[in-house]
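Throughout, protein chains are lettered first and strands after them, A, B, ... in sequence-line order, and every chain is numbered starting at 1. It should be emphasised that the depicted structure is a prediction, and the values quoted were computed from it without experimental measurement.
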There are 2 protein chains.
Amino acid sequence: MSPAQKPKTSAKGLETRDRIVDVAVRFIARNGARGTSLADIAAEAGVSQTGLLYHFRSKEALLNAVMDRHLAFSEQWLWGEGPDPGIKIVDIIAKHMASWPSQHDSKVASLLGMNTVVLGENVSPDTELHQRLVDGYRTTIDRVTATLRSAQERGEMREDIDPQLKAMEIIAFCSGIEAAWLVDPNIPVAAAAAQWAAQQTRQLATGPATS
Amino acid sequence: MSPAQKPKTSAKGLETRDRIVDVAVRFIARNGARGTSLADIAAEAGVSQTGLLYHFRSKEALLNAVMDRHLAFSEQWLWGEGPDPGIKIVDIIAKHMASWPSQHDSKVASLLGMNTVVLGENVSPDTELHQRLVDGYRTTIDRVTATLRSAQERGEMREDIDPQLKAMEIIAFCSGIEAAWLVDPNIPVAAAAAQWAAQQTRQLATGPATS
DNA sequence: ACAAACCGACTGAGCACTCGGTAACCTCTG
DNA sequence: CAGAGGTTACCGAGTGCTCAGTCGGTTTGT
């Protein structure tokens with residue numbers, strides 16, 4: 001009846017389902033969605049491909065689940081703690097980036113990079129998944145923009161900076177760093193993020209002229 | 001004898017070859033390397049798939065040619081005019097970004113984003129192509145680092161900024177903006193780049209304390 | 001006994017790549 | 001200058017492989 005049919009069931013089946021998504025995330029982060037076959041994922045997750053397709057009725061359904069996972073994750077990342085971080089958002093981002101290397105495989109590729117870089121490839125521009133991608137991107141920009149704008153209104157942030165452009169810049173930096181990290185995990189993400197955040201904070205803040 | 005065999009020939013065949021690469025670039029920018037079939041490219045270029053494979057003996061060979069094209073292009077971009085731009089490099093980048101929308105399909109996706117975001121996906125980590133990608137990335141970081149360092153030595157740039165981290169930041173921004181633009185061509189790349197460059201220049205320069 | 005949670009074997013489409021041609025052009029020779 | 005021979009630049013028809021998705025089963029928990 002309802003467009004999204006609940007399988008009406010739950011048990012350790014949910015556990016399997018989750019495990020499949022876990023594995024899918026790892027594979028996709030490495031080889032991209034198009035470079036990852038259901039057989040690969042199923043084998044690594046310890047089920048048959050048919051078993052996988054029992055839980056997700058198509059590859060696109062699985063990709064949507066992966067997308068869900070990451071939207072939720074980056075939601076938690078950016079807005080999970082505290083209300084309206086203002087320009088502190090750059091510090092929050094930097095803090096999370098500092099923990100990338102340790103999280104390596106499991107929860108990695110989490111912010112926007114995953115979606116844009118890795119998932120985006122898969123999808124031809126007319127799929128629902130692609131639309132979710134674009135929407136998610138826009139939404140994040142909008143929210144960061146709003147955050148910065150409110151910071152301006154509270155007098156925490158310089159007036160001569162356009163919030164939307166700044167938001168785009170912040171997000172570009174995040175996904176760019178993540179792309180770099182996917183190419184070469186050895187790059188010092190944490191250090192780069194730390195310097196970036198320090199300078200951003202200094203730059204954005206309505207500082208006194210004392211240098 | 002030599003590892004790279006010259007086909008020894010040249011004519012309007014080279015023209016066809018070039019046209020194929022042109023088309024390949026466009027398709028890859030849209031759908032990624034894995035999402036683009038040789039049949040697609042061949043049809044759009046007005047040759048048969050066999051004809052395409054006459055000029056490039058495999059898909060990987062074609063991708064290498066695309067890579068060549070873009071390495072040369074971004075080389076020209078960043079270091080084509082004048083010697084050692086110093087911190088002016090951010091202005092050079094911004095200037096080129098301002099012309100993205102007009103170049104749209106033809107020469108676009110040129111800096112690092114193309115390689116990282118779009119090509120990188122295709123390639124499993126053990127291919128020669130992937131190595132070229134990683135190398136190109138590192139090389140660019142190194143060159144930007146060197147540029148910034150020399151700017152520091154000439155006293156054009158603040159001393160308390162780490163050149164390598166800054167280089168990574170610059171490149172992350174570029175590829176991030178490009179990724180964003182690939183997702184949604186409507187974003188105001190030029191404006192974002194302009195604001196970014198202005199602030200970067202102000203931030204990097206050894207300015208007087210007068211605010 | 002009924003559904004949830006799987007499995008093995010199959011199918012059909014899409015893909016990179018091969019094979020056996022053909023037409024146009026250049027070059028060397030009688 | 002004819003024309004034989006070679007090379008370049010293609011084409012159409014395959015071929016085999018990979019992959020998403022199907023079908024008909026079996027087991028297990030309730």
Side-chain angles (χ1 to χ4, degrees), chain A residues 4-24 27-28 30-67 119 121-124 126-130, chain B residues 5-24 27-28 30-66 119 121-124 126-130:
Chain A
Q5 320 135 317
K6 290 208 179 139
K8 178 212 291 175
T9 26
S10 322
K12 63 145 196 180
L14 280 184
E15 202 177 302
T16 310
R17 216 186 126 95
D18 258 26
R19 204 174 55 245
I20 291 171
V21 176
D22 278 345
V23 173
F27 270 86
I28 291 173
R30 266 194 248 281
N31 306 331
R34 266 201 162 105
T36 304
S37 71
L38 296 184
D40 290 340
I41 298 170
E44 182 76 12
V47 288
S48 69
Q49 186 181 335
T50 323
L52 189 155
L53 283 162
Y54 169 76
H55 290 285
F56 305 93
R57 74 181 86 95
S58 67
K59 186 176 188 179
E60 193 176 341
L62 174 56
L63 293 181
N64 267 296
V66 170
M67 183 83 125
L119 265 179
E121 255 271 56
N122 171 72
V123 164
S124 40
D126 49 354
T127 16
E128 183 209 355
L129 192 53
H130 184 265
Chain B
Q5 322 135 316
K6 291 206 177 139
K8 180 213 290 176
T9 25
S10 323
K12 65 146 196 180
L14 280 183
E15 203 175 303
T16 310
R17 215 186 127 96
D18 259 27
R19 203 173 58 245
I20 291 171
V21 176
D22 279 345
V23 173
F27 270 86
I28 290 172
R30 267 195 248 280
N31 306 331
R34 266 201 163 104
T36 303
S37 71
L38 295 183
D40 290 340
I41 298 170
E44 182 76 12
V47 289
S48 69
Q49 188 180 335
T50 323
L52 188 155
L53 282 162
Y54 169 76
H55 290 285
F56 305 93
R57 75 182 83 99
S58 69
K59 187 177 187 180
E60 193 176 341
L62 173 57
L63 293 181
N64 268 295
V66 170
L119 266 180
E121 256 270 59
N122 171 73
V123 165
S124 40
D126 48 354
T127 17
E128 182 208 355
L129 193 54
H130 185 265

Tyr54(B) vs dA9(D): side-chain N/O to OP1/OP2 distance below 4.0 Å: yes

N/O donor-acceptor pair, side chain Ser48(A) with base dG8(C), under 3.5 angstrom: no

Whole-Å gap separating P (dT30(D)) and NZ (Lys12(A)): 11 Å

Separation of dT15(D) P from Leu38(B) CG (nearest whole Å): 20 Å

side-chain contact (heavy atoms from CB on, under 4.5 Å) assessment of Arg19(A) paired with Thr16(A): CA-CA 5 Å; Arg19(A) 204 174 55 245; Thr16(A) 310; 3.7 Å; yes

Whole angstrom value for the distance that separates C1' of dT18(D) from CZ of Arg34(A): 15 Å

Touch class at under 4.0 angstrom, heavy-atom based, for Leu53(A) against every strand present: base

Close side-chain approach of Ile20(A) and Arg17(A), heavy atoms under 4.5 Å: no

Whole-Å gap separating P (dC17(C)) and CG (Leu62(B)): 10 Å

For atom CG of Leu52(A) and atom P of dG8(C), their distance in whole Å: 14 Å

Intermediate values then yes/no, side-chain contact (heavy atoms from CB on, under 4.5 Å), Leu38(A) and Leu62(A): CA-CA 9 Å; Leu38(A) 296 184; Leu62(A) 174 56; 4.0 Å; yes

Ser37(A) side-chain proximity, nearest of dC11(D), dC15(C), dC19(D): dC19(D)

Atom pair distance, as rounded to whole Å: CD in Glu15(B) and P in dT8(D): 18 Å

Rounded distance in Å - CZ (Arg19(B)) to C1' (dC10(D)): 12 Å

Criterion side-chain contact (heavy atoms from CB on, under 4.5 Å) on His55(A) and Val47(A), from CA distance to verdict: CA-CA 11 Å; His55(A) 290 285; Val47(A) 288; over 6 Å; no

Closest to side chain of Lys59(A), choosing from dC6(C), dA16(C), dG21(D): dG21(D)

Distance, rounded to the nearest Å, where Phe56(A) contributes CZ and dA5(C) contributes P: 12 Å

N/O (side chain, His55(B)) to phosphate O (OP1/OP2, dC10(D)) under 4.0 Å: yes

side-chain contact (heavy atoms from CB on, under 4.5 Å) between Asn64(B) and Glu60(B), intermediate numbers included: CA-CA 6 Å; Asn64(B) 268 295; Glu60(B) 193 176 341; 3.9 Å; yes

Distance below 4.0 Å between Thr16(A) side-chain N/O and dC6(C) OP1 or OP2: yes

base_contact_polar (dG21(D) base, Ser58(A) side chain, donor-acceptor, <3.5 Å): no

Residue Val47(B), side-chain heavy atoms: nucleotide from dA16(C), dC11(D), dC6(C) that is nearest: dC11(D)

